[in-house]
There are 2 protein chains.
Amino acid sequence: MSILVVGSVAFDAIKTRYGKVDKVLGGSATYFSLAASYFAPVRVVAVVGEDFTAEHEAVLKSHGVSTDGIQHVAGQSFFWSGEYGENLNEAKTNFTHLNVFENFRPNIPESYRDSDFVFLGNIDPELQANVRQQMSGARLVGGDTMNFWIQGKRSALEQTLRLMDVLLINDTEARMLAGESNLPRAAKRVLAMGPKALVVKHGEYGATVFFEEAKSGCTWRPFRAPALPIDDVVDPTGAGDSFAGGFMGYVASQAELNRDVFKRAMFYGGVMGSFAVERFGPERLAQLTRPEIDARFQLFRELTHLD
Amino acid sequence: MSILVVGSVAFDAIKTRYGKVDKVLGGSATYFSLAASYFAPVRVVAVVGEDFTAEHEAVLKSHGVSTDGIQHVAGQSFFWSGEYGENLNEAKTNFTHLNVFENFRPNIPESYRDSDFVFLGNIDPELQANVRQQMSGARLVGGDTMNFWIQGKRSALEQTLRLMDVLLINDTEARMLAGESNLPRAAKRVLAMGPKALVVKHGEYGATVFFEEAKSGCTWRPFRAPALPIDDVVDPTGAGDSFAGGFMGYVASQAELNRDVFKRAMFYGGVMGSFAVERFGPERLAQLTRPEIDARFQLFRELTHLD
């Protein structure tokens, strides 16, 4: 079943110990779409400027991603420039030019309205809520956020969290959102804000999903998926969005939504994240095959399973 | 088969958000012994002062731990005072009184010499090497170290690492020892220093074991065990030594040493670490039953296994 994603389609300049790129396709919706496209049809809602060419669009289209919801406007696309030092979990931002993204008003094409799954990429929580309301028939809504919104738009974010089924954030964000350093306690507080499930991404240590007990109708214990130990993390940009893409994509490919499906989704999230970091930008994600994905899924299993 | 452990038997004053204790039994050999005692017979080599009474000794003896190797000398036992803030992975040390530990010279009783397994707790690497040489017939030697020795006794530590089969340290120590921030690369460098296996403990995120490829004779892929998400981490003191005790204890209980055994040992390490932090000092570790341990092992499995 189809997934609608709203987020940024952008260009990035990235520097890591492995080199640098001056302008590669990036943005949360790009990474998410490519990762999810191996599992389910994806529809993108975003805005781009004149520097986003047919060639860039073809990267998405060649993966069956519908780009009808990408608004083309005058000006330049969102541009982010950043670099990573020893700590690959945190980028140092050189500059962020919002450009056309500054006036982004998500507009859901009529043909997208029947999407059963929705992913609200890391954008202003007011826009996330707006999209959510336009997609009132969705079966499952996932979303992301960041420190910028947690600190700067707390109240709007709390409204939006009530409209999300699954929130996917990292450790720092979960602790900041909850105001609590202990992770299981922080998870309980975040789940009390609305989501039925909270996926906390631990970077190189994997990710844990916590379930809201009352809402799931029964006690679903947390589940922890690993991350692959990788010698050459060429570029961590987009790993979190790729995780979300693998997670939501797998969920959307399944008939039923139960704990087993979410467990496997956690593995596929980790798998797609692990591919994303192997090359600069979305290069590796754009070149995958399903057998490669399944082989890595088996690696994840071997890394964690006793038998 | 028996495990010989050399390390500290000490007293601790500990403060956490859950309260404080002024003087509880502590030390690496204490935590290690109690954790390992549920799996195999343990023999302790350590030094204590006059404040270590028969009552303290009974805590170990009641778990079948042999205390013949504990030297009683005039003076006070090793005493550590520390506290934990929000970051439970790092204690703030108020003071460390080495006391009788300052002149500790490990002396292996004749009756201990047939121990098949040896654990070199976190003490001066020269003393570790000395014990290792006295136990030349050991089947498997595990060991621990810390930043203090990595920075201050690098050369002696490198000598000692050549005599260890399994090194168990945390992320920070592994990165410091290797001079490399990427964990799989750091692991390769550490394994090149001598150990056949390196267990890196990630605190609340679990632990990963890396194997030396050439020495294991075949390619054993890394294995990652989880840690239990715990709401009430009352006192993290001794979690690492308890991990080592569960790990070494399980290994010592098995006839063969293969990757499957090490995988399960990683789980039992995590299990014993998870119990250790539930109460102040070694209180919880001292009161366990094997069914409780097995039930938690199953929880660890449920937390990580797809089916």
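The shown structure was predicted, so the numbers you read here are calculated from the model rather than taken from an experiment. Here is the naming used below: chain letters follow the sequence lines, and residue numbers restart at 1 for every chain.
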Against chain A, residues from residues 232-239 of chain B with at least one heavy atom under 4.5 Å, in numeric order, are B:D232, B:V233
Among residues 291-307 of chain B, those lying within the under-4.5 Å heavy-atom range of chain A are B:F297, B:L299, B:R301, B:E302, B:L303, B:T304, B:H305, B:L306, B:D307
Is there a side-chain contact between A:R221 and B:P229, using heavy atoms and a 4.5 Å cut-off? no
So, do A:E86 and B:N182 sit near enough that their side-chain heavy atoms are less than 4.5 Å apart?
->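 No; the side chains remain at least 4.5 Å from each other.
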Per-residue tally against chain A (heavy atom, under 4.5 Å) across B:T208, B:V209, B:I230 peaks at B:I230
Those residues of residues 199-206 of chain A that come under 4.5 Å of chain B on a heavy-atom basis, listed by number, are A:H202, A:E204, A:Y205, A:G206
Residues 261-281 of chain A vs chain B, non-hydrogen distance cutoff under 4.5 Å, contacting residues -> A:K263, A:R264, A:F267
Highest number of heavy-atom pairs under 4.5 Å with chain B among A:E180, A:R185, A:R17 belongs to A:R185
More than 12 foreign heavy atoms under 6.0 Å from CD of A:E90: is that the case here? no
Exercise for the section: Kindly give the heavy-atom pair with the smallest separation between B:R224 and A:A227, and that separation in Å. Expected result: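 Nearest pair, atom of B:R224 first, then A:A227: NH1-O, 3.2 Å.
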Bottom line for A:D260: the part with an atom under 4.5 Å from chain B's heavy atoms is side chain
